[in-house]
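One structure below.
First the proteins, then the strands, lettered A, B, ... as listed; each starts at 1. None of the values given here were measured: they were computed from a predicted structure.
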Protein chains: 2
Amino acid sequence: MADFIHYCNSISPLSKEVMNEILSKLKSRTFVKGDLINKQGQVCRDLFFIEKGLVKHFYHSKNRVFILRFFPENNLFTILDSYINQTPAEFITIALEDTTLTYLEYNEVEELCRNHHSFETFMRKYISFAAFNILKRNKEMLEDDATERYNGFVKENSHLLQRISLGDIASYLGISQVSLSRIRAKK
Amino acid sequence: MADFIHYCNSISPLSKEVMNEILSKLKSRTFVKGDLINKQGQVCRDLFFIEKGLVKHFYHSKNRVFILRFFPENNLFTILDSYINQTPAEFITIALEDTTLTYLEYNEVEELCRNHHSFETFMRKYISFAAFNILKRNKEMLEDDATERYNGFVKENSHLLQRISLGDIASYLGISQVSLSRIRAKK
DNA sequence: GTGATTTTTTAACATATGTAAAAAAATACA
DNA sequence: TGTATTTTTTTACATATGTTAAAAAATCAC
């Protein structure tokens with residue numbers, strides 16, 4: 001559980017008081033490979049920290065699957081579309097490996113934000129970095145073709161390559177698996 | 001100048017105190033069509049509000065131009081990549097029309113965040129919405145082909161269509177102008 | 001280890017999009 | 001109004017990617 005706190009502190013230092021309050025509120029859950037963490041249509045009530053494991057964040061459309069992002073251990077995540085407005089999630093989150101999550105519930109996060117300036121600051125910075133990462137992906141999608149995106153993914157995620165199937169990588173890149181296979185063969 | 005305050009309040013209510021402080025710190029600048037608002041390589045020091053006009057936010061790569069976003073009047077914007085880390089901007093911002101901006105400088109924003117919880121909350125919510133919008137674009141780029149993206153753009157931005165050239169729309173969609181022309185002809 | 005299942009690759013063909021160059025249309029301006 | 005400039009469209013061709021189906025390879029379960 002201390003990892004959650006540690007992660008937060010590395011983004012923006014929290015007061016002792018908040019740290020204790022977080023510790024008292026943190027819950028934990030484990031999932032086995034393939035388990036659903038958040039269904040489509042279910043409001044996401046939590047801010048998750050991945051202690052161990054790997055999750056994917058995806059949705060179905062046009063008979064295809066699109067993966068927005070993978071989150072491995074030592075990452076904070078939430079289902080942005082649902083969390084911000086507390087509306088039903090369009091995205092599905094499942095465990096790609098046996099996974100342990102610690103989390104704060106939405107109401108607790110909001111309360112922490114309300115009552116503790118240092119936590120509010122942390123949240124602002126956390127979301128700023130998240131936005132920046134999403135923007136980077138946006139840029140890649142705009143300017144890079146599939147081959148460049150694949151090479152970029154390999155470079156940025158070498159530590160995850162053994163843990164993610166090529167089918168999932170294709171879904172992340174927004175291309176068919178056949179196309180990815182072709183790209184890999186060309187090398 | 002009151003529009004800036006009004007916009008902020010519509011996202012998250014500010015205390016009277018902060019509002020006055022913002023008013024005392026707001027600066028204003030006008031640009032004529034074609035003026036550079038922020039150069040590539042220049043650190044973005046400001047949080048801008050568009051009183052009047054239209055700006056585009058773009059960059060060059062591979063002998064092409066890619067537009068990340070258009071911001072018309074009554075919008076808050078900053079150059080996210082540069083603002084967050086106070087590093088040189090990769091993106092360029094120019095005025096597509098005669099434009100009036102009011103703005104707060106980075107240090108003032110940070111100071112407001114530090115000193116006023118309600119402003120920090122506003123910034124968190126503002127950035128959350130920004131992140132959500134960037135994510136929506138991400139999704140479009142992943143799943144939609146150029147024709148769908150064009151139709152989506154037309155639907156979402158009907159009020160801007162007369163103010164943006166087709167070349168710029170193509171750059172926003174991440175396709176060549178020839179391709180956009182073809183798409184429009186197909187109808 | 002062996003057979004079943006899942007994942008990955010290959011092949012063949014269709015469509016979408018890029019590039020280059022030129023034509024046409026719209027706009028700016030003297 | 002007429003000319004120059006800019007924007008948009010069209011044409012022709014090349015490449016990238018999608019789809020379907022089948023083959024090959026890897027992994028899983030017993």
Side-chain angles (χ1 to χ4, degrees), chain A residues 32-35 54 56 58-67 70 94-98 137-154 157-158 160-187, chain B residues 32-35 54 56 58-67 70 94-98 137-154 157-158 160-187:
Chain A
V32 304
K33 184 176 174 173
D35 275 356
L54 177 65
K56 79 172 168 186
F58 70 104
Y59 65 101
H60 295 278
S61 179
K62 305 171 181 170
N63 281 325
R64 292 169 67 187
V65 168
F66 297 94
I67 296 179
F70 303 100
I94 75 170
L96 285 181
E97 301 172 354
D98 294 355
R137 180 139 148 81
N138 229 310
K139 231 190 104 209
E140 278 168 22
M141 293 302 298
L142 258 187
E143 76 176 282
D144 293 348
D145 66 20
T147 302
E148 295 169 309
R149 296 207 297 282
Y150 172 66
N151 291 333
F153 184 85
V154 168
N157 300 281
S158 49
L160 292 181
L161 289 183
Q162 309 315 318
R163 300 161 69 185
I164 300 176
S165 74
L166 290 172
D168 274 353
I169 292 178
S171 300
Y172 175 83
L173 297 174
I175 59 178
S176 66
Q177 175 152 4
V178 173
S179 194
L180 177 55
S181 228
R182 253 188 312 235
I183 286 165
R184 286 161 51 83
K186 253 190 326 202
K187 278 223 161 169
Chain B
V32 303
K33 182 175 176 175
D35 274 357
L54 178 63
K56 80 173 168 185
F58 70 104
Y59 65 101
H60 295 278
S61 178
K62 302 169 182 173
N63 281 325
R64 292 169 65 189
V65 168
F66 297 94
I67 296 179
F70 303 99
I94 75 170
L96 286 181
E97 301 173 354
D98 294 354
R137 180 137 146 86
N138 229 311
K139 232 190 104 210
E140 278 168 23
M141 293 302 299
L142 257 187
E143 74 176 286
D144 292 348
D145 66 20
T147 302
E148 294 168 311
R149 296 205 299 280
Y150 173 67
N151 291 333
F153 183 85
V154 169
N157 299 280
S158 49
L160 292 181
L161 288 183
Q162 310 314 319
R163 300 163 67 184
I164 300 176
S165 74
L166 291 171
D168 274 354
I169 293 178
S171 299
Y172 176 83
L173 297 174
I175 61 179
S176 66
Q177 174 153 3
V178 173
S179 195
L180 177 56
S181 226
R182 254 187 312 235
I183 286 165
R184 287 161 50 83
K186 254 190 327 201
K187 277 223 161 169

Output the distance between atom [atom1] ([X]) and atom [atom2] ([Y]), rounded to the nearest 0.5 Å.
| X | Y | atom1 | atom2 | answer |
| --- | --- | --- | --- | --- |
| A:I164 | A:F70 | CD1 | CZ | 4.0 Å |
| A:L96 | A:K33 | CG | NZ | 8.0 Å |
| B:S158 | B:F153 | OG | CZ | 10.0 Å |
| A:E148 | A:I183 | CD | CD1 | 10.0 Å |
| B:T147 | B:K186 | OG1 | NZ | 3.0 Å |
| B:Q177 | B:S165 | CD | OG | 7.0 Å |

Expressed in angstrom and rounded to an integer, what is the separation of [X] atom [atom1] from [N] atom [atom2]?
| X | N | atom1 | atom2 | result |
| --- | --- | --- | --- | --- |
| B:E148 | C:dT15 | CD | P | 16 Å |
| B:L142 | D:dG18 | CG | P | 11 Å |
| A:L96 | C:dT6 | CG | C1' | 15 Å |
| A:M141 | D:dT17 | CE | P | 11 Å |
| B:I183 | D:dT10 | CD1 | P | 13 Å |
| A:D145 | C:dA16 | CG | P | 19 Å |
| B:D144 | C:dT17 | CG | C1' | 16 Å |
| B:K186 | C:dT15 | NZ | P | 12 Å |

Salt bridge between B:D144 and B:R137, side-chain N to carboxylate O under 4.0 Å?
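Between B:R137 and B:D144 there is no salt bridge, as every charged N stays at least 4.0 Å from the carboxylate O atoms.
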Pull out every protein N or O sitting under 3.5 Å from an N or O of nucleotides 4-8 of chain D, one pair per line with the distance.
residue : atom : partner : partner atom : Å
D:dT8   : OP1  : B:L166  : N            : 3.2
D:dT8   : OP2  : B:L166  : N            : 3.1
D:dT8   : OP2  : B:G167  : N            : 3.1

Sorted by first residue and then second, give each salt bridge (charged side-chain N to carboxylate O under 4.0 Å, His left out) pair with at least one member in residues 160-175 of chain A; sequence neighbours left out.
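Every salt bridge (charged side-chain N to carboxylate O under 4.0 Å, His left out) pair that includes a residue of residues 160-175 of chain A, provided the two are not neighbours, is A:K56-A:D168, A:E73-A:R163, A:E97-A:R163.
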Are the side chains of A:I169 and A:L161 in touch, meaning some heavy atoms are under 4.5 Å apart?
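Sidechains of A:L161 and A:I169: in contact.
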Please walk me through it: do B:L180 and B:L173 pass side-chain contact (heavy atoms from CB on, under 4.5 Å)?
CA-CA 9 Å; B:L180 177 56; B:L173 297 174; 4.3 Å; yes
For nucleotides 25-27 of chain D, tabulate all protein N/O to nucleotide N/O atom pairs closer than 3.5 Å, reporting atom names and distance.
none

Kindly write out the residues that satisfy side chain to side chain donor-acceptor pair (under 3.5 Å) with A:E143, not counting sequence neighbours, or none if the list is empty.
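Here the qualifying residues are B:Y59, B:S61.
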Between A:F66 and A:F58, is the ring centroid distance below 6.0 Å?
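No.
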For nucleotides 19-30 of chain C, read 5' to 3', which letter fits each nucleotide if B means a protein heavy atom sits under 4.0 Å from the base, S means only the sugar-phosphate is that close, and - means neither?
BB----------
Can you see whether B:R149 engages B:Y172 through a side-chain donor-acceptor pair at a distance of less than 3.5 angstrom?
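Per modelled atom types, B:R149 and B:Y172 side chains form no pair under 3.5 Å.
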In degrees rounded to 10°, what angle is found between the helical axes fit to the five outermost pairs at each end of the helix from C:dG1-D:dC30 to C:dA30-D:dT1?
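End-to-end axis angle for the helix from C:dG1-D:dC30 to C:dA30-D:dT1: 50°, rounded to 10°.
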